[in-house]
Asks: 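Have a look at the structure that comes next, please.
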Amino acid sequence: MSGRQTVEASPDVVTDILTVQSHDVYALIDPGSTLSYVTPFVAMEFGIEPYQLHELFSMSTPVGESIMAARVYRGCVVMVRGRDTMDDLIELGMVDFDVIMGMDWLYSCFAKLDCRTRTIRLEFPNERVVE
């Protein structure tokens with residue numbers, strides 16, 4: 001079983017197709033990740049210039065590997081069920097997902113996760129709920 005199949009079979013993750021910068025992407029919604037990430041292959045389609053980070057920073061993967069990040073795509077439009085949101089996406093070499101949406105994005109979307117049904121509700125103030 002590939003890494004992607006293993007993750008999809010896990011009862012504690014949510015995956016979905018999101019639209020980022022007008023491109024459909026395969027996303028892992030990961031409340032265990034502080035920040036959000038995008039693969040370089042997908043990011044080059046965005047038509048926006050990345051910002052070079054002043055200092056590289058290291059991230060640990062679930063299997064204990066360390067990966068360095070150097071670039072971020074600021075203000076990316078992330079569409080969810082017809083509702084535009086925004087997030088900064090850090091460029092990260094990964095193969096199983098196009099983007100990983102972390103707590104920074106979930107927090108900004110007033111997200112509530114239902115672990116039993118593996119759904120996310122975005123409860124923006126004074127707006128209809130997006131599920």
Side-chain angles (χ1 to χ4, degrees):
M1 194 180 289
S2 76
R4 180 173 172 169
Q5 290 169 325
T6 301
V7 169
E8 287 176 341
S10 173
D12 56 353
V13 300
V14 177
T15 60
D16 200 359
I17 301 297
L18 301 178
T19 303
V20 179
Q21 292 295 115
S22 301
H23 296 279
D24 288 343
V25 298
Y26 186 62
L28 170 65
I29 313 299
D30 185 3
S33 177
T34 304
L35 302 171
S36 298
Y37 304 94
V38 62
T39 67
F41 178 74
V42 169
M44 71 180 171
E45 301 294 322
F46 288 172
I48 57 177
E49 286 294 316
Y51 288 87
Q52 282 296 127
L53 298 173
H54 295 289
E55 294 183 31
L56 298 178
F57 74 94
S58 176
M59 293 157 292
S60 295
T61 68
V63 294
E65 296 176 355
S66 187
I67 300 174
M68 300 301 287
R71 302 175 355 152
V72 62
Y73 293 83
R74 297 202 185 276
C76 294
V77 177
V78 181
M79 183 179 285
V80 182
R81 307 287 188 260
R83 180 21 163 114
D84 284 350
T85 66
M86 297 193 75
D87 199 15
D88 296 338
L89 301 175
I90 297 168
E91 188 177 277
L92 181 66
M94 54 187 163
V95 294
D96 292 325
F97 298 96
D98 298 325
V99 296
I100 297 173
M101 304 306 294
M103 280 300 288
D104 61 333
W105 179 73
L106 291 166
Y107 175 83
S108 73
C109 294
F110 301 85
K112 291 187 179 176
L113 269 55
D114 184 332
C115 298
R116 181 169 296 274
T117 62
R118 295 170 58 173
T119 59
I120 298 172
R121 295 173 54 93
L122 307 183
E123 299 182 356
F124 295 98
N126 303 316
E127 294 186 30
R128 68 175 178 81
V129 172
V130 177
E131 188 170 307

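Computation of the quantities below employed the complete heavy-atom set of this structure, encompassing side-chain atoms and omitting hydrogens, waters and symmetry-equivalent molecules.
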Asks: Look at the side chain of Q52 and the backbone N and O of R71, then say whether any donor-acceptor pair between them is shorter than 3.5 Å.
Replies: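 Side chain of Q52 to backbone of R71: no pair is present.
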Asks: Starting from the C-alpha separation in whole Å, work towards a yes-or-no answer on side chain to side chain contact (heavy atoms under 4.5 Å, CB included) for M103 and T34.
Replies: CA-CA 5 Å; M103 280 300 288; T34 304; 5.5 Å; no
Asks: Under the side chain to side chain contact (heavy atoms under 4.5 Å, CB included) rule, what do K112 and E123 come out as? Steps first, then yes or no, please.
Replies: CA-CA 8 Å; K112 291 187 179 176; E123 299 182 356; 3.1 Å; yes
Asks: Quick check: closest heavy atoms across L113 and I120, and the distance to 0.1 Å?
Replies: CD1-CG1, 3.8 Å
Asks: Are V129 and V78 connected into the same hydrophobic cluster when the rule is that any two of I, L, V, M, F, W, Y join if their side-chain heavy atoms are below 4.5 Å apart?
Replies: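 In one cluster: no.
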Asks: Give me the atom names and distance for the closest heavy-atom approach of P31 to L106.
Replies: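 Reported closest heavy-atom pair: CA-CD1, 3.9 Å.
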Asks: With a 4.5 Å cut-off on side-chain heavy atoms, are I29 and L18 touching?
Replies: yes
Asks: Between atom CD1 of I67 and atom OG of S58, what is the distance when rounded to the nearest 0.5 Å?
Replies: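 So the gap between those two atoms works out to 8.5 Å.
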Asks: Applying side chain to side chain contact (heavy atoms under 4.5 Å, CB included) to V20 and V38, what does each step give before you reach the verdict?
Replies: CA-CA 10 Å; V20 179; V38 62; over 6 Å; no
Asks: Enter the distance from M101:CE to L28:CG here, rounded to the nearest 0.5 Å.
Replies: 10.5 Å
Asks: Can you get from V99 to M86 by hopping between Ile, Leu, Val, Met, Phe, Trp and Tyr side chains that sit under 4.5 Å apart?
Replies: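 Each belongs to a different hydrophobic cluster.
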Asks: Check whether any side-chain N or O of D88 sits under 3.5 Å from a backbone N or O of G75 as a donor-acceptor pair, and report yes or no.
Replies: yes
Asks: Taking the side chain as everything from C-beta on, heavy atoms only, tell me whether T85 gets closer than 4.5 Å to D87.
Replies: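 Result no, sub-4.5 Å side-chain heavy-atom pair not found.
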Asks: In Å, rounded to the nearest 0.5 Å, how long is the span from CE of M44 to OG1 of T39?
Replies: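 If I round to the nearest 0.5 Å, the distance is 8.5 Å.
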Asks: Any chain of hydrophobic side-chain contacts (each under 4.5 Å) joining I17 to M94?
Replies: yes
Asks: How about R83: does its CZ atom have over 12 heavy atoms from other parts shown lying under 6.0 Å from it?
Replies: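 Correct, the count exceeds 12.
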Asks: Do I48 and C76 have side chains that approach each other closer than 4.5 Å (heavy atoms only, starting at C-beta)?
Replies: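 Sidechains of C76 and I48: in contact.
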Asks: Verify the cluster assignment for L53 and L92: are they in a single hydrophobic cluster under the rule of side-chain heavy atoms below 4.5 Å apart?
Replies: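 Yes, L53 and L92 fall within the same hydrophobic cluster.
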Asks: Which heavy atom of S36 sits nearest a heavy atom of G102, and at what distance?
Replies: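 That would be OG-N, 2.9 Å.
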Asks: Counting only heavy atoms not in F124, do more than 12 fall under 6.0 Å of its CZ?
Replies: yes
Asks: How far does CH2 of W105 sit from CG of L89, to the nearest 0.5 angstrom?
Replies: 10.5 Å
Asks: Same cluster or not: are L122 and F110 linked, directly or through other Ile, Leu, Val, Met, Phe, Trp or Tyr residues, by side-chain heavy atoms under 4.5 angstrom apart?
Replies: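 Same hydrophobic cluster.
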Asks: Under a 4.5 Å cut-off applied to non-hydrogen side-chain atoms, are D114 and E131 in contact?
Replies: no
Asks: Measuring from M79:CE to S22:OG, what's the distance to the nearest 0.5 Å?
Replies: 7.0 Å
